[in-house]
Amino acid sequence: AQKVTQVQTEISVVEKEDVTLDCVYETRDTTYYLFWYKQPPSGELVFLIRRNSFDEQNEISGRYSWNFQKSTSSFNFTITASQVVDSAVYFCALSEAWNAGNMLTFGGGTRLMVKP
Amino acid sequence: GAVVSQHPSWVICKSGTSVKIECRSLDFQATTMFWYRQFPKQSLMLMATSNEGSKATYEQGVEKDKFLINHASLTLSTLTVTSAHPEDSSFYICSAEPGLAGGVGETQYFGPGTRLLVL
């Protein structure tokens, strides 16, 4: 069965520090999709990235970067030079190709607090 | 693009009443929408998958007679919490998946959520 684990429940950093949020997943499918979402205090989930299992290239978007490693079933998220506005709960999620319903399996989330 | 709205954002109601929550995809069509429930400091729990023109698929443990879902058009799904009780108080979030059914691994775009408080 599919599973997503985010072992860090809360992380606190000081502004301008780099921070990495870990995500480990389990799946029996060879084709799957991984996502990261940000949930600020307002509650709305904001889509950050989607990655399919055949694309292991790391991705960088501004201060955000993602490291996908199939060998360790991990899809980690790094924020460089963190800012107070990055404070939020971040969710990693998995969708399996066999699942025609495209249901997402979410990790437990990591609450990131960036202090000024 | 890919904006999803929810209405209302906040609702307070008396025990025993029914509450309807609307989820709309504003700039795309969505054959499939999803309804989630989130308790404080917890992850999202999928309640049901809503398919346009057909019955919703409910997750195990979710009462379909309690949480009525109607997906009447490609841009609107509604969740009605019938005979609400205090234990139904929660944050309800919908998401929508652009495109026609059959797409694999599509991105879900989320609405801003509805906070329900049942007194």
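From a predicted model like this one, the values you see are computed outputs, not experimental measurements. Keep in mind that the numbers below use all heavy atoms, side chains included, and drop hydrogens, waters and symmetry copies. Within every chain, numbering begins at 1; the chains are lettered A, B, ... in the order of the sequence lines, protein sequences first and strands thereafter.
Atom CD of residue Glu44(A) and atom CZ of residue Phe110(B) lie 10.5 Å apart, to the nearest 0.5 angstrom. From Met45(B), atom CE reaches atom CZ of Phe106(A) across 12.5 Å, with rounding to the nearest 0.5 Å. From Leu104(A), atom CG reaches atom CG of Leu44(B) across 9.0 Å, with rounding to the nearest 0.5 Å. Interatomic distance, CD of Glu106(B) versus OG of Ser95(A), reported as 9.0 Å (0.5 Å rounding).
Remark: Glu87(B) CD is packed, more than 12 non-hydrogen atoms of other residues, nucleotides or ligands lying under 6.0 Å away. Within a 6.0 Å radius of NZ in Lys66(B), other residues, nucleotides and ligands contribute more than 12 heavy atoms.
Note on Val62(B) and Leu46(B): separate hydrophobic clusters, where clusters join Ile, Leu, Val, Met, Phe, Trp and Tyr whose side-chain heavy atoms are under 4.5 Å apart, directly or indirectly. When hydrophobic clusters are built by joining Ile, Leu, Val, Met, Phe, Trp and Tyr residues whose side-chain heavy atoms come closer than 4.5 Å, directly or via intermediates, Phe34(B) is grouped together with Phe91(B). Under the 4.5 Å side-chain heavy-atom criterion for grouping Ile, Leu, Val, Met, Phe, Trp and Tyr, Phe68(A) is not connected to Phe91(A) through any hydrophobic cluster. Criterion: ILVMFWY side-chain heavy atoms under 4.5 Å apart, direct or through other members. Under it, Leu45(A) and Tyr92(B) are not part of a common hydrophobic cluster. Under the 4.5 Å side-chain heavy-atom criterion for grouping Ile, Leu, Val, Met, Phe, Trp and Tyr, Val11(B) is connected to Ile69(B) within one hydrophobic cluster.
When all heavy atoms are compared, the tightest approach of Lys41(B) to Arg111(A) is CG-NH2, 3.7 Å.
Between Gln38(B) and Gln39(A), the side chains place a donor N or O and an acceptor N or O closer than 3.5 Å (distance only, hydrogens not considered).
Residues of residues 111-119 of chain B that come within less than 4.5 angstrom of chain A, heavy atom to heavy atom, are Gly111(B), Pro112(B), Arg115(B) in numerical order. Of residues 5-15 of chain A, no residue lies under 4.5 Å from chain B by any heavy-atom pair.
Contact count versus chain B (heavy atoms, under 4.5 Å) is highest, among Gly109(A), Ser42(A), Gly43(A), for Gly43(A).
Checking side-chain atoms of Ser43(B) against main-chain N and O of Gly107(A) turns up a donor-acceptor pair under 3.5 Å.
Residue contact with chain B, scored on non-hydrogen atoms closer than 4.5 Å, involves the side chain of Tyr37(A) exclusively.
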